[in-house]
There are 2 protein chains.
Amino acid sequence: MRPTVHDIAAAAGVSLATVDRVLNQRPGVRHVTREKVETAIRELGYIRDLAAANLAKGRTYPLVFILPASDNSFMHGLNAEIRQAILRSPAERTDIRTIEVPAFDPAALVSVLDELSRGKPCGIAMVATDAPEVRAIVDRLVRDGFPIVTLVSDLTGSLRHHYAGVDNIAAGRTAARLLGRFLGPRKGDVAVLAGSMVVRDHRERLEGFTSVMAEEFPDLAILPVLEGRDDPEVAHRLVADSLKNAGIVGVYSLGAGTRGLIRALKEKAVDRTLTVIAHELTVHTRAALIDHTIDAILNQDAGHEVRSAIRVLKAKADGLAVIEAQERIRLDIFLKDNLP
Amino acid sequence: MRPTVHDIAAAAGVSLATVDRVLNQRPGVRHVTREKVETAIRELGYIRDLAAANLAKGRTYPLVFILPASDNSFMHGLNAEIRQAILRSPAERTDIRTIEVPAFDPAALVSVLDELSRGKPCGIAMVATDAPEVRAIVDRLVRDGFPIVTLVSDLTGSLRHHYAGVDNIAAGRTAARLLGRFLGPRKGDVAVLAGSMVVRDHRERLEGFTSVMAEEFPDLAILPVLEGRDDPEVAHRLVADSLKNAGIVGVYSLGAGTRGLIRALKEKAVDRTLTVIAHELTVHTRAALIDHTIDAILNQDAGHEVRSAIRVLKAKADGLAVIEAQERIRLDIFLKDNLP
DNA sequence: CCAAACTTGATGTACGTAAATCAAAAAATC
DNA sequence: GATTTTTTGATTTACGTACATCAAGTTTGG
């Protein structure tokens with residue numbers, strides 16, 4: 001049987017109350033006594049029973065998810081996953097709240113974080129907007145002891161404890177290699193559709209994409225990036241326009257809101273010899289993959305991201321280690337054959 | 001606050017003892033009283049606090065993993081993951097034991113299962129060997145109330161509660177499409193290296209592979225399957241031999257023990273224009289992917305499989321639902337750009 | 001050396017559930 | 001209607017931890 005507080009007390013030759021004072025870093029223990037207890041803890045390999053502790057404390061984990069108010073399938077999916085997590089709250093002792101902030105708006109994000117810092121959430125998961133002032137307040141909150149994980153979009157260089165999202169540079173590189181390999185010996189132009197270059201994840205995908213393209217597929221030329229602002233209408237217009245260029249052999253859509261892209265592709269489908277790689281599995285991209293409008297979909301599993309963020313925040317709140325491999329968000333590659 | 005047994009007792013107008021009898025299906029409760037209590041449970045939305053219950057019972061989950069005694073990287077990795085899980089046992093209340101059985105030997109597997117059925121494990125995870133007698137005893141154990149999940153290799157048509165592994169038909173199909181698309185307009189022969197056709201997962205991969213090849217890439221001809229028995233030496237000889245055929249443009253290695261394959265490929269590398277798809281990410285395949293000997297690796301995450309099996313077995317033992325999406329083992333596709 | 005401050009022990013309650021015991025009440029049997 | 005059987009209640013202990021209280025002991029400071 002694993003040792004309990006009673007065993008520690010006996011081994012250290014002190015009372016239960018003293019062990020408790022040491023374990024919960026309460027004052028009123030002489031230095032030498034504290035050392036005795038800590039030695040006993042180490043030697044017996046005592047690990048406190050979290051379940052029992054939480055029961056005694058009536059503990060819950062108040063968590064906050066901060067999301068951009070973007071109206072695209074991916075964000076809807078993310079929201080749905082959070083709602084699922086809320087349904088599991090009783091069993092997981094969580095108490096989850098979501099806050100929406102305007103997208104691409106660092107100031108709004110900062111003010112929400114500042115507001116939160118006056119409350120007592122034991123963990124914050126946020127889709128980060130990449131700006132110095134956001135980094136600053138995140139660092140402040142982390143120093144004040146709030147566990148913080150970034151979700152979907154990271155805030156590199158900040159002190160956030162963890163990033164629950166994919167490696168977007170790798171995603172871009174992967175897209176480039178798939179596109180290059182699928183095109184084989186063909187030469188021509190490649191169109192890139194992004195949401196906005198002010199979001200870090202889009203910038204990183206593009207960076208990865210262009211570097212592999214340059215290194216390994218010099219016969220393919222990347223056209224100037226189309227910024228669709230994750231809006232189907234805008235994307236449709238931009239892509240339709242761009243496709244008038246007869247030299248285009250491939251398309252990489254690295255943002256969300258791929259509906260417009262798909263529509264433009266279908267209109268052009270008559271003489272279609274395009275190879276298309278897109279991000280995020282939604283009902284639309286899924287259908288397009290099945291009917292061969294899209295050749296491959298790169299995806300991040302929103303459910304995994306949400307569950308992972310919750311696990312990590314709870315672990316950090318308890319000062320526990322996480323299972324790194326479990327929390328790594330992988331880049332899913334879907335062809336029409338391995339759709340879930 | 002969520003309702004407790006006390007609330008149920010009050011609401012149903014009975015004593016705590018009676019509520020306990022109902023909750024733990026102990027005898028000595030009249031039918032009408034039982035109904036009263038069950039109504040109260042439903043109306044208050046009572047959910048028992050598993051942590052508290054496990055604490056009170058001093059419960060642990062004795063689990064058994066049954067693995068084939070195969071000496072290949074994948075099985076070593078699986079073993080390592082189980083050892084990791086054993087390290088987490090204290091926190092997860094599990095008590096994990098592994099049993100090795102000779103590979104490809106239904107009789108041995110049956111006798112181990114029979115032996116286990118006389119013990120009291122609360123869950124069994126097994127790499128299934130596909131045979132009628134195995135199916136029979138699995139069904140018997142399931143009927144006797146043992147939670148059983150198959151691991152890596154399934155036992156379709158049996159009553160096992162869950163399969164913690166990838167969809168191997170989809171894996172084969174995906175391999176075919178990748179190979180076909182990577183080869184593009186090239187025509188020629190494709191070599192297939194398998195472990196053994198008596199293992200279900202290998203058969204299924206081949207099935208998926210050949211069907212997509214036939215449907216969509218008629219210019220590529222599949223050569224007779226090479227059975228390497230997951231042995232590097234055998235595989236090396238077979239592949240080296242086969243590569244004398246100048247018409248080969250692609251290779252699909254669907255089994256384990258890919259070391260021999262890689263060696264054969266490197267020896268032949270001088271005039272290499274081969275496209276190669278292999279299964280399972282190991283140190284060897286990883287290196288080969290990086291140096292372009294292999295073009296893509298299909299992988300199943302052994303860590304995920306083990307953790308998933310444990311979660312599912314615990315949930316089944318407690319009669320709880322599992323999060324389906326979380327337990328789905330995905331087919332990882334690795335190019336050199338998205339290696340973990 | 002005495003009082004104030006600090007340190008420790010002893011003890012009890014609580015968290016939500018499981019499980020056991022014994023007595024009391026109700027129902028079923030003859 | 002008495003007796004047996006079944007059903008129910010009341011109460012207690014336990015799981016491992018947290019936390020509070022009070023008394024007693026030990027150090028300090030002046």
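Everything numeric in this text was worked out from a predicted model, so none of it was measured. Numbers restart at 1 for each chain; the letters A, B, ... are given by sequence-line order, proteins then strands.
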Correct closest heavy-atom pair for Gly165(A) and Glu305(A) would be CA-OE2, 3.4 Å
On the nucleotide dG9(C), are OP1 or OP2 found under 4.0 Å from the side-chain N or O atoms that Thr18(A) carries?
yes
- Compare side-chain N and O positions of Arg30(A) against OP1 and OP2 of dT8(C) and report whether any pair is under 4.0 Å apart. yes
Notebook entry, point to check: Is it the case that Arg42(B) places NZ or CZ above or below the six-membered ring of Tyr46(B), under 6.0 angstrom from the centre and within 45 degrees of the axis?
Noted result: no
With Arg160(A) as the cation and Tyr163(A) as the aromatic partner, state whether NZ or CZ is under 6.0 Å from the six-membered ring centre and within 45° of the axis.
no
Is Asp114(A) salt-bridged to Arg140(A), cutoff N-O under 4.0 Å?
yes
So CD1 of Ile41(B) and CZ of Arg48(B): to nearest 0.5 Å the spacing works out to 11.0 Å
Atom pair distance, as rounded to whole Å: [atom1] in [X] and [atom2] in [N]:
{"X": "His31(B)", "N": "dT7(D)", "atom1": "NE2", "atom2": "P", "result": "12 Å"}
{"X": "Arg34(A)", "N": "dC6(C)", "atom1": "CZ", "atom2": "C1'", "result": "13 Å"}
{"X": "Arg59(B)", "N": "dG16(D)", "atom1": "CZ", "atom2": "C1'", "result": "18 Å"}

Give me the distances for all protein-to-nucleotides 28-30 of chain C N/O pairs that come in under 3.5 Å?
none

Which atoms of nucleotides 10-20 of chain C (N or O only) lie under 3.5 Å from a protein N or O atom, and what are those distances?
| residue | atom | partner | partner atom | Å |
| --- | --- | --- | --- | --- |
| dC15(C) | O2 | Ala56(A) | N | 3.1 |
| dG16(C) | N2 | Ala52(B) | O | 3.3 |
| dT17(C) | OP1 | Tyr46(B) | OH | 2.7 |
| dT17(C) | OP1 | Asp49(B) | N | 3.1 |
| dT17(C) | OP2 | Val5(B) | N | 2.9 |
| dA18(C) | OP1 | Asn24(B) | OD1 | 3.4 |
| dA18(C) | OP1 | Arg48(B) | NH1 | 3.1 |
| dA18(C) | OP2 | Asn24(B) | ND2 | 3.3 |
| dA19(C) | OP2 | Arg26(B) | NH1 | 3.1 |

Residues pairing under side-chain hydrogen bond (donor to acceptor under 3.5 Å, both in side chains) where one sits in residues 76-85 of chain A, two or more places apart or in two chains, turn out to be Asp71(A)-His76(A)
So Leu67(A) and Ile99(A), side-chain contact (heavy atoms from CB on, under 4.5 Å) or not? Walk me through it. CA-CA 6 Å; Leu67(A) 308 175; Ile99(A) 300 180; over 6 Å; no
